[in-house]
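Everything on this sheet refers to the single structure shown next.
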Amino acid sequence: MAEEPEEGEENQFRAARLQKLAALKALGVDPYPYEWPRSAEAKELEARYAELPPDAVTEDRVSVAGRVRAIRNSGMFIDLYDASGKIQIFSDRKSLDEAQLALLGLLDLGDIIGVEGIVRRTRRGELTVNASRIAVLAKALLPLPEKYHGLADLETRYRQRYLDLIMNEESRAVLQKRSRIIATMRRLLIDRGFLEVETPMLHVIPGGATAKPFVTHHNALDMQLYLRIAPELHLKRLLVGGLSDRLFEINRNFRNEGISPRHNPEFTSLELYQAYVDYGAMMDLTETLIAEIAREVLGETRIRYGEREIEFAGPWPRESMAALVKRETGVDFLTIAADEDARAAARRLKIEVADGAGWGRALEAVFAARVEAKLVQPIHVTGFPREISPLAKTDRGDPRLTERFETYINGWEVANAFSEINDPLDQQQRFEAQMAERERGDEEAQRLDADYVQALEYGMPPAGGLGIGIDRLVMLLTDSPSIRDVIAFPTMRPKG
RNA sequence: GAGCCCGUAGCUCAGCCGGUAGAGCACUUGACUUUUAAUCAAGGGGUCGCGGGUUCGAAUCCCGCCGGGCUCACCA
């Protein structure tokens with residue numbers, strides 16, 4: 001691409017622009033000045049002069065700035081875009097001096113300029129600034145993609161996101177909405193008394209989730225560190241400390257796993273903990289948060305995703321994994337006791353399960369294969385097997401299960417929550433069971449974090465914990481088909 | 001990791017039953033003082049992703065590699 005100087009020098013577009021750059025400098029113009037005293041943005045002017053009739057001229061002098069996106073009539077008309085929108089610039093040969101006319105002739109599509117002049121509306125109804133002064137604020141050396149079709153190539157859009165943002169309004173809108181979604185989430189939580197905290201990205205023991213970590217090395221300490229797969233265990237240490245009885249973190253997690261339209265190696269999650277409540281409170285909070293965010297950002301709770309319509313207004317149904325599996329397959333796992341019978345039941349449904357898999361894994365495998373994709377409208381799936389939930393409290397009514405739920409929307413897991421284990425001896429045993437699985441070859445089984453268990457030994461209040469995958473939530477709220485559309489710089493294999 | 005599809009000018013795309021590469025926009029030069037995908041005239045621009053093979057001849061057919069997309073598997 002154009003980053004390589006040799007190639008760039010040969011580029012006809014760049015060569016022509018370098019000549020113009022030299023010509024500007026010869027005119028005594030600094031093509032990269034330090035500032036421009038802007039007085040208005042395009043959208044602001046559009047609103048302020050909404051009532052200005054065609055052919056009307058004001059005496060209002062404004063100063064605007066932005067990127068040149070279209071030049072018509074040899075520079076007489078320029079479409080100038082700032083982050084808020086478009087404003088047309090009119091340059092009258094008769095009212096600009098020689099130097100300004102020369103500068104006008106050296107402008108290219110893509111240049112960032114500042115313009116000062118009076119506001120008027122043209123006969124054809126276009127709000128326009130009549131330029132009395134034009135300044136180059138940043139000379140562009142490379143051409144923009146085609147103005148009408150824009151930038152369509154997905155690879156270029158992800159690799160050179162700035163070009164995508166310049167050319168595609170929808171891409172801008174998606175990332176702007178992402179920001180508003182997160183800001184709204186943060187505000188709602190702070191309004192409810194939650195304290196925002198930051199916990200380490202570099203972990204000695206990667207815990208809090210079942211996933212493969214990225215490994216790194218600290219030179220001074222000469223030790224292996226892991227990028228975190230979840231903030232969970234540190235957030236609960238803060239709960240032990242009583243920093244706050246309600247706390248949350250919105251931040252990145254890193255998982256060394258596959259890339260897909262719904263998976264990026266680094267992704268953003270909300271994780272929160274509330275003392276003295278159980279997972280039921282987390283269900284209430286999940287549906288309130290997500291519905292409120294939709295209302296705030298989209299103005300309604302009914303969203304469209306592709307061909308589907310999804311209603312976010314609560315309350316959402318709450319059903320157990322086993323009940324959903326039974327409804328879908330007719331098989332009631334709750335009546336099956338032995339692990340081997342559970343495996344056999346799954347296999348009768350043509351679902352693969354490992355030979356060592358227990359009752360819980362078999363149930364989950366059937367749920368994943370037969371039920372998940374059908375959970376389009378929001379639903380809290382409860383009754384997660386203990387076997388796959390090493391940080392969740394045992395279900396009050398059934399020792400095979402935990403007080404854990406995952407919220408599904410559009411067939412995706414969007415939230416994961418439970419009543420947190422605060423019994424250190426229970427937690428120790430759960431970790432040991434995970435370690436045993438690890439030794440049997442499950443490299444994603446969770447590792448024993450003795451320091452965390454020690455923290456629990458000082459006493460952690462009973463608490464509900466909740467994690468929400470923000471990227472997927474943004475996908476739903478922006479009708480984006482790929483997670484790469486909602487992450488400004490998705491992970492890509494380097495080119496060449 | 002597996003299967004299917006894609007990669008041609010700066011961009012958007014045609015060409016792909018093999019015969020020496022095309023359009024629109026963009027660019028250069030000129031015309032044009034009320035345009036808005038401005039218009040009109042002329043011109044320049046391509047190792048057809050990379051490497052190998054088949055052939056008198058390859059953008060086109062075959063093989064390998066690189067990059068991307070989708071689906072599946074793992075996962076949020």
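The basis for the numbers below is simple: all heavy atoms, side chains too, and nothing from hydrogens, waters or symmetry mates. All of these numbers come straight from a predicted model, not from anything done at the bench. Order of the sequence lines fixes the chain letters, A, B, ..., with proteins taken first and strands second; residue numbering starts at 1 for each chain.
- If you take atom C1' in B:C13 and the same atom in B:G18, they sit 23 Å apart, rounded to whole Å.
- Regarding contacts with the backbone of B:C27, every side-chain N or O of A:Lys147 stays at 4.0 angstrom or more from both OP1 and OP2.
- Under the 3.5 Å distance criterion, with hydrogens and angles disregarded, no donor-acceptor pair is assigned to the side chains of A:Ser269 and A:Arg252.
- Across all strands shown, B:U36 forms no Watson-Crick or G-U wobble pair with both key distances under 3.5 Å.
- A:Glu271 and A:Tyr273 share a donor-acceptor pair across their side chains, judged by distance under 3.5 Å alone.
- Regarding A:Leu80, its CG atom lies at a distance of 14 Å from the C1' atom of B:U36, rounded to whole Å.
- Nucleotides B:A38 and B:C25 have their C1' atoms positioned 13 Å apart, rounded to a whole Å.
- Using a 4.0 Å heavy-atom distance criterion, A:Asp92 is classed as a base contact.
- Within the nucleic acid shown, A:Gly467 has no heavy atom closer than 4.0 Å to any nucleic acid atom.
- The shortest distance between the side-chain N/O atoms of A:Arg17 and the OP1/OP2 oxygens of B:G10 is not below 4.0 Å.
- A donor and an acceptor atom, one from each side chain of A:Glu372 and A:Tyr408, are located under 3.5 Å apart.
- A:Glu406 comes within 4.0 angstrom of no nucleic acid atom, judged by non-hydrogen atoms across all strands.
- Nucleotides B:C63 and B:U28 are separated by 43 Å at their C1' atoms, to the nearest Å.
- Environment of CD in A:Glu196: crowded, with over 12 heavy atoms of neighbouring residues, nucleotides or ligands closer than 6.0 Å.
- When the nearest nucleotides of RNA chain B are assigned to A:Ala209 and A:Thr122 by heavy-atom distance, the more 5′-ward of the two goes with A:Thr122.
- A:Phe77 has its CZ atom 13 Å from the P atom of B:A37, to the nearest Å.
- Using a 4.0 Å heavy-atom distance criterion, A:Glu413 is classed as a sugar-phosphate-only contact.
- The cationic group of A:Arg69 lies under 6.0 Å from the six-membered ring centre of A:Tyr81 and within 45° of the ring axis, placing it in a cation-pi geometry.
- To the nearest angstrom, P of B:C5 lies 19 Å from CG of A:Leu154.
- The OH-P distance, from A:Tyr148 to B:C13, rounds to 13 Å in whole Å.
- For B:C27, neither phosphate oxygen OP1 nor OP2 lies less than 4.0 angstrom from any side-chain nitrogen or oxygen of A:Lys20.
- Distance CZ (A:Phe13) to P (B:C25): 13 Å, rounded to an integer number of Å.
- When heavy atoms are screened at a 4.0 angstrom cut-off, A:Lys212 is found touching no nucleic acid atom at all.
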All N/O contacts under 3.5 Å from nucleotides 46-51 of chain B to the protein, with atom names and distances to one decimal?
none

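- One C1' atom belongs to B:G7, the other to B:U12, and the distance between them is 14 Å to the nearest Å.
- Spacing between atom CD of A:Gln160 and atom P of B:G10 amounts to 13 Å, rounded to whole angstrom units.
- Using P as the reference atom, B:C70 and B:U29 are 42 Å apart when rounded to the nearest Å.
- Among the protein residues, A:Ala152 comes within range of the sugar-phosphate backbone only, with heavy atoms under 4.0 Å from sugar or phosphate atoms but none that close to a base.
- No hydrogens or angles were tested; on distance alone, nothing pairs the side chain of A:Glu155 with the base of B:G67 as donor and acceptor under 3.5 Å.
- A sub-4.0 Å separation between OP1 or OP2 of B:C70 and a side-chain N or O of A:Arg484 is present.
- The side-chain tip of A:Arg120 points at the ring of A:Phe90 from less than 6.0 angstrom away and within 45° of straight on.
- B:C17 is unpaired under the criterion used here, namely a Watson-Crick or G-U wobble arrangement in which both key atom distances are under 3.5 Å.
- Using C1' as the reference atom, B:A59 and B:G49 are 12 Å apart when rounded to the nearest Å.
- A:Arg493 comes within 4.0 angstrom of sugar-phosphate atoms only, judged by non-hydrogen atoms across all strands, and of no base.
- At the heavy-atom level, A:Met167 lies nowhere under 4.0 Å from the strands shown.
- Checked against B:U28, B:U12, B:C74, the side chain of A:Asp108 finds its nearest nucleotide in B:U28.
- One finds no salt bridge joining A:Lys86 and A:Glu169 here, because no Lys/Arg side-chain nitrogen approaches an Asp/Glu carboxylate oxygen to under 4.0 Å.
- For the pair A:Gln88 and A:Leu151, nearest-nucleotide mapping onto RNA chain B gives the more 5' position to A:Leu151.
- Remark: P of B:G10 and CG of A:Asp153 are 13 Å apart, rounded to the nearest angstrom.
- Defined by atom type and a distance below 3.5 Å, a donor-acceptor pair is present between the side-chain atoms of A:Ser132 and A:Arg61.
- Taking the ring axis of A:Tyr226 as reference, the NZ or CZ atom of A:Arg447 stays within 45° of it and closer than 6.0 Å to the ring centre.
- Computed from coordinates, the A:Leu109 CG to B:C27 P distance equals 5 Å when rounded to whole Å.
- A donor-acceptor contact shorter than 3.5 Å links the side chain of A:Arg370 to the backbone of A:Leu349.
- Contact annotation: A:Arg72 does not reach the phosphate of B:U36 (side-chain N/O to OP1 or OP2, under 4.0 Å).
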